[in-house]
Amino acid sequence: MRPANESFDFVIIGSGIAGLFTAIKLAENGRVAVLSKQDLIAGNTFFAQGGIAAAFSKEDSPSLHLEDTWKAGACSGDRKAIAVLVEEAPERIQDLLAMGIDFDRRNGLIDLGQEGAHSRKRILHIGGDATGRELVEALLLRAKSKGVIFIEDALAEEMIIKGGQCRGLIYRMGNQRLAMLARAVILASGGCGQIFKCTTNSPAVTGDGLAMAYKAGAVLRDLEYFQFHPTVLFPPQGSPFLISEAVRGEGAYLVNADGERFMKRYHPLAELGPRDVVSRAILAEQLRTGKEVCLDLRHLGSSFVEKRFPTISSRCREWGYDLERDCIPVSPAAHYLIGGIAVDLDGRTAVENLFAVGEVASTGVHGANRLASNSLLEGLVFGCRVALAAAAVKAPEYPEYSDDLEKGKGLKREAGAAEEQLCRQIRPLLQDLMWEHAGLVRTAAGLQEAREKIKSWWKILAYDFTETELTETQNMLLVAAMMVESALARRESRGCHYREDYPDLDPDLGKTHICFQAGGETVGEGTIAYPQPFFME
Ligand code: FAD
Ligand code: SIN
């Protein structure tokens, strides 16, 4: 059992690539604790398949990587942030190599894969399609060897804010509510894919960090930009399973019910067009033919496919697909949150001593759509920068004991069986609602319907739940409300945000960010006012 009040120099929420890499880089500057609400492999990193993008060949350069990232983001990203990402990428890959992490090789050289909208082969991968799993395992070992303390099954709930500064957090383990004080708190808690019914995301990815940061006074922005991945297999049992874009990068085709390779009709890059275009094309073909769309790998040869994509091959086999004989039915699913907590180039949020990194953060590198395999890279590059900035935060005079646990008590209403039941019912309804009205194709009417429904559920935010799943649902509801408001406010189509009623890009909105910031709520605040968007250049 952990003490009710504990102090560390740095607390990191999340044990994905962003949290682990930041922890390793910070470990020499003080005591580091990493919290994960489940086990240490929870989150999306473990499931990453395609790999990490970096300009690593003679034919490539950071400036080509920059242009590809910029164009994939619908020319809406922050070029300074993109420059940081692509220029520091090779150095961060060298860090991994120096840690003993090796990437797949062909003829002795690192084997670089191809993915959509990359003008060069630049995707480094491990174990074929097991990049995420291999990375998490290696980084965990490294962090442990550097003395990082890991705390599992610890659900971070609220930031402790004093005098406008973040001084720690409140978290829950089982029935116990505990406080942890720190010089700096780093949110590396991932995105929010679970707010949608159909998603590639791990069950742990419920937007908690976004909700906590908002309540602590940080700025959230660009939440209307959520990326959908086109090729996801929905097996008869179990969770949706991603079929990596790298499969199309190696030459797999998308075919409709007539056996036609239809993507050529939708985009000059065919199967390697932007994810939103490929996703909508699949939906259109499904609707037109009334039948499924499939991914065809048969011509690639079974020995190559087995070696290059061992995880995908074995999972497909489990579900009865023989990749030499069968095509795989695929459909789009919610994949990646592009917006997030607004941060500067060192991961600082609007709240002093509170940092954010990885999918939860909005650095501006992805613009309105993300280039494949830039996300793991973002965790490395900005994890390193956050570690440097957090290390420079001065240690405050710690009080012997934090009174926040007492202060928080009683501000929220204790939930009874009726509220618990309501909250339990809301989660699947919210996921359906978001999938239907805030998914790949959006309209004002659908978004307004979503807004009204969300408002009718708003009252559950006033209650204190002691079950993780119910606290997560509260967070999902808050994040969904902000996503719907942003999607309504952006009356144009840009990158992965597609409005059927405003199908064109509005050049005047190129620099506009839709943002949210709550008015100084702190630990224990009960009802949260329905979030109002504001616009920033
Ligand atoms: P995550 O890896 O999602 O980790 C989040 C962590 O936060 C977890 O440890 C979780 O337990 C913890 N957490 C969350 N809330 C709380 C809380 N309240 N309290 C305590 N802990 C909490 N990107 C690429 O660049 N290349 C790829 O090949 C690739 N493939 C992908 C394949 C799949 C199937 C998916 C879903 C995504 C893929 N992506 C890929 C995207 C990429 O994997 C993620 O964006 C990235 O891994 C996010 O890393 P992260 O560290 O920010 O968060
Ligand atoms: C994939 O392997 O298709 C996912 C890559 C990504 O999301 O960057």
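In each ligand, atom 1 is the first atom listed, and ligand 1 is the first ligand listed. Just so we're clear, the structure is a prediction, and the values are computed from it rather than from any experiment.
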For atom 2 (O) of ligand 1, which protein heavy atom lies nearest, and how many Å away is it?
->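 Among all protein heavy atoms, the one nearest atom 2 (O) of ligand 1 is T45 OG1, 2.5 Å.
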Residue, atom and distance of the protein heavy atom nearest atom 2 (O) of ligand 2 read S244 OG, 2.7 Å
Looking at Y498, is R280 sitting on its ring face, NZ or CZ under 6.0 Å from the six-membered ring centre and within 45 degrees of the normal?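 Yes - R280 lies over the ring of Y498, closer than 6.0 Å to its centre and within 45° of its axis.
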Please work out, at 4.0 Å between heavy atoms, whether the side chain, the backbone, both, or neither of D129 comes within that distance of ligand 2.
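Contact part for D129 vs ligand 2: neither.
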Ligand-side contact atoms (ligand 2) for residue partner [X], heavy atom cut-off under 4.0 Å:
X: S373; answer: 6 (C), 8 (O)
X: G50; answer: 2 (O)
X: A372; answer: 8 (O)
X: E245; answer: 1 (C), 2 (O), 3 (O)
X: H229; answer: 1 (C), 3 (O), 4 (C)

Within-shell test, [X] vs ligand 1, heavy atom, strictly < 4.0 Å:
X: T131; answer: no
X: G379; answer: no
X: V360; answer: no

To atom 27 (C) of ligand 1, the nearest of P240, G43, G51 on a heavy-atom basis is G51
Of S375, G190, G340, the residue with the heavy atom nearest atom 46 (C) of ligand 1 is S375
* To do: Work out whether the distance between some heavy atom of Q227 and some atom of ligand 2 is less than 4.0 Å.
  => no
Report task. Classify the contact between H335 and ligand 1 as side chain, backbone, both or neither, using a heavy-atom distance cut-off of under 4.0 Å. Result ->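 For H335, the contact with ligand 1 is made by the side chain alone.
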- Message: Please verify the inter-ring angle class for F196 with F226; under 30° counts as parallel, over 60° as perpendicular, anything in between as tilted.
- Response: tilted
Discussion item. Between H65 and E87, is there a side-chain donor-acceptor contact under 3.5 Å, judged purely by atom types and distance?
Written reply: no
Check your understanding: Got F234 and C198 here, is their nearest side-chain heavy-atom distance under 4.5 Å?
Key ->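 The answer is yes, as the side chains (C-beta and beyond) meet within the 4.5 Å cut-off.
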* Is any NZ, NE, NH1 or NH2 atom of the basic residue among E67 and K71 found under 4.0 Å from an Asp or Glu carboxylate oxygen of the other? -> no
Using 4.0 Å as the upper bound for N to carboxylate O, is an ion pair formed by R31 and D9?
no
Q. Would the F228 and Y336 ring centres measure less than 6.0 Å apart?
A.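 Between F228 and Y336, the centre distance exceeds or equals 6.0 Å.
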Query raised in the report: Can you check whether R275 has an N/O within less than 3.5 Å of an N/O in ligand 2?
Result: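 So ligand 2 has an N or O lying under 3.5 Å from an N or O of R275.
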Can you find an N/O atom of I243 closer than 3.5 Å to an N/O atom of ligand 2?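 N/O-N/O distance under 3.5 Å: no.
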Q.
Side chain or backbone, does G50 bring an N or O within less than 3.5 Å of an N or O on ligand 1?
A. yes
Inset, instruction - Please could you name the atoms of ligand 1 that S15 approaches to less than 4.0 Å, counting only its heavy atoms? - result: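 Counting from 1, the qualifying ligand atoms are 6 (C), 8 (C), 9 (O).
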